[in-house]
Amino acid sequence: AAGVIQSPRHLIKEKRETATLKCYPIPRHDTVYWYQQGPGQDPQFLISFYEKMQSDKGSIPDRFSAQQFSDYHSELNMSSLELGDSALYFCASSTGTPNYGYTFGSGTRLTVV
Amino acid sequence: AQSVSQHNHHVILSEAASLELGCNYSYGGTVNLFWYVQYPGQHLQLLLKYFSGDPLVKGIKGFEAEFIKSKFSFNLRKPSVQWSDTAEYFCAVKDASGGSYIPTFGRGTSLIVHP
C-alpha cells in the first residue's frame, strides 16, 4: 500500500543556508501535518494544511514556511538554518477528519553544521 | 489545553516479561487516544487507538491498552515482550470535540528488551 513519502531522507546543510523538505501524502489524503523531533524529544507539531490552506499552526519558527500544492504534496521551507534546527522532520497525512490517527512518513533527518 | 504524561522514560525488560507503560492526560472533555511506536531509526507507526466503546483496545503485535476515564489514563500493555519490541513508545491525546485535529504527544518511553 502507498505510504507517505518524504524527501530527501537525509540532508546536511551549513548554518544560514536554506533547506526544502517535501512530503507526498497518501493518495486521497487531503491533510498534511509537519512535526519536528529533536534528539530524544517527542514530536513537536509545526504546521498543518487542509485542502491547500493552512489549517493549524504550532511551534513553527518565523524562519520556516510551508505550503500545500494542488496535488496535495507539501513543502517545508527553512531559511537561515541554525544548529538547533538539526532534527528529524516528520510529515503525516490524513483525511480531513483524522479520528483514525495519522500515517507518518519516514522523516527527513536534517543536520545543520 | 491537553497535556500528556508518560511516567516511565526508560524501561528495560527481559524477553517474555510483561509490559505496562503508563500514560495519563489532563483534559476534561471527550478525547481520542493513541499509542505510537517508533523503532530505531524509523518513523512513528500507529499501534492502537481509542475513540469510544469498549475501553479495552487491541492493537497490532499483541499490544493492548485500557482507557480508564476516571483515572484519565490509557496504559499500554503486552503480556510477553520480545526483543523486537525494543523501541520508543509515544502516547497521544486529541480533543474529540473537533476543536483541533492536532494530538498532543507525551515525551515517550524508551523500551529496551534484552534477549
Side-chain angles (χ1 to χ4, degrees), chain A residues 1 3-10 21 23-26 29-51 53-60 68 87-109 111, chain B residues 1-10 21 23 25 30-53 57 59-60 63 65 74 76 87-112:
Chain A
V4 177
I5 306 296
Q6 287 188 249
S7 67
R9 290 294 300 274
H10 302 273
L21 310 185
C23 170
Y24 296 86
I26 288 175
H29 279 194
D30 51 21
T31 309
V32 168
Y33 309 80
W34 286 96
Y35 283 83
Q36 177 192 57
Q37 187 180 23
Q41 302 294 315
D42 56 302
Q44 293 293 315
F45 170 68
L46 293 178
I47 195 167
S48 64
F49 292 88
Y50 168 64
E51 283 292 346
M53 299 287 289
Q54 181 182 309
S55 55
D56 215 330
K57 192 171 181 181
S59 54
I60 184 169
Q68 186 179 32
L88 195 56
Y89 290 83
F90 286 116
C91 164
S93 77
S94 72
T95 58
T97 53
N99 283 332
Y100 304 97
Y102 303 152
T103 301
F104 281 88
S106 297
T108 294
R109 183 167 295 284
T111 303
Chain B
Q2 309 102 305
S3 66
V4 180
S5 175
Q6 292 184 239
H7 319 296
N8 316 101
H9 295 296
H10 301 278
L21 302 183
C23 172
Y25 64 92
T30 305
V31 292
N32 297 144
L33 298 156
F34 310 88
W35 274 98
Y36 284 87
V37 60
Q38 186 175 29
Y39 297 104
Q42 295 190 28
H43 58 287
L44 291 156
Q45 300 175 50
L46 184 65
L47 265 183
L48 49 79
K49 56 190 182 288
Y50 171 82
F51 310 129
S52 62
V57 180
I60 60 171
F63 286 91
F74 190 55
L76 181 71
E88 191 87 13
Y89 291 82
F90 291 93
C91 179
V93 175
K94 188 180 78 68
D95 176 2
S97 68
S100 172
Y101 292 147
I102 312 302
T104 300
F105 282 84
R107 289 295 302 272
T109 297
S110 174
L111 172 65
I112 297 175

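In what follows, every chain begins at residue 1, and chains take the letters A, B, ... in the order their sequences are listed.
Contacts with chain B were tallied for A:A92, A:S48, A:G58, A:P43; A:P43 has the most, counting heavy-atom pairs under 4.5 Å.
Relative ring orientation between B:Y50 and B:F74 is described as tilted, the plane-to-plane angle lying within the 30° to 60° band.
Contacts between B:F105 and chain A at a heavy-atom distance below 4.5 Å involve backbone atoms as well as side-chain atoms. Heavy atoms closer than 4.5 Å to chain B are found nowhere in A:Q6, neither backbone nor side chain.
Take B:T109 and apply the side-chain contact (heavy atoms from CB on, under 4.5 Å) test, not counting sequence neighbours, and it matches B:Q6, B:N8, B:V11, B:L21.
Side-chain contact check for B:T104 and B:Y25: no donor-acceptor pair (N or O, by modelled atom type) lies under 3.5 Å.
In this structure, A:E51 CD and A:T31 OG1 are separated by 7.5 Å, a value rounded to the nearest 0.5 Å.
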